Amino acid sequence: MPAAAWATLAVSALIILFAAVGLLRVILHLRHVRRTLGSVLGGVRVIAQETAPVPAALGSVNANLKPVRDFCESV
């Protein structure tokens, strides 16, 4: 095999090696971003849960205050 063919194979192998290393670095960065976004999403869900609108509890409050309302209407 001529020397030019060996040089071509060596250069090709180096290019493939550097491309593979670059792709692995991208994968590692994307995993880190995914973990960070998972944490942010968890925080947003907790905030949404803590700041949920009142209507979930409003029904029971209205039911508890119905006797008071009925009394006030009778007066």
Side-chain angles (χ1 to χ4, degrees):
M1 191 181 279
W6 284 109
T8 302
L9 286 176
V11 170
S12 299
L14 285 175
I15 290 172
I16 291 170
L17 176 70
F18 286 120
V21 169
L23 289 174
L24 287 175
R25 290 186 68 197
V26 168
I27 289 171
L28 292 177
H29 285 288
L30 288 175
R31 282 185 175 180
H32 179 71
V33 168
R34 181 179 176 197
R35 243 182 286 133
T36 303
L37 288 177
S39 299
V40 169
L41 182 62
V44 168
R45 284 184 179 159
V46 168
I47 290 171
Q49 193 176 29
E50 293 294 323
T51 59
V54 176
L58 190 58
S60 66
V61 171
N62 282 339
N64 290 333
L65 292 178
K66 185 175 182 332
V68 175
R69 183 178 55 216
D70 292 341
F71 173 74
C72 290
E73 288 176 357
S74 67
V75 173

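Everything numeric in this text was worked out from a predicted model, so none of it was measured.
One finds the CG atom of Leu37 at 10.5 Å from the CG atom of Leu30 (value rounded to the nearest 0.5 Å). Rounding to the nearest 0.5 angstrom, the gap separating the CG atom in Leu9 from the CD1 atom in Ile16 is 9.5 Å. Rounding to the nearest 0.5 Å gives a distance of 11.0 Å between CG of Asp70 and CG of Leu65. We find the CG-OG distance between Leu17 and Ser12 to be 12.0 Å, quoted to the nearest 0.5 Å.
Considering only heavy atoms from C-beta on, His32 comes within 4.5 Å of Thr36 through its side chain.
Enclosure of atom CD in Glu73 by more than 12 non-hydrogen atoms of other residues, nucleotides or ligands within 6.0 angstrom is indicated.
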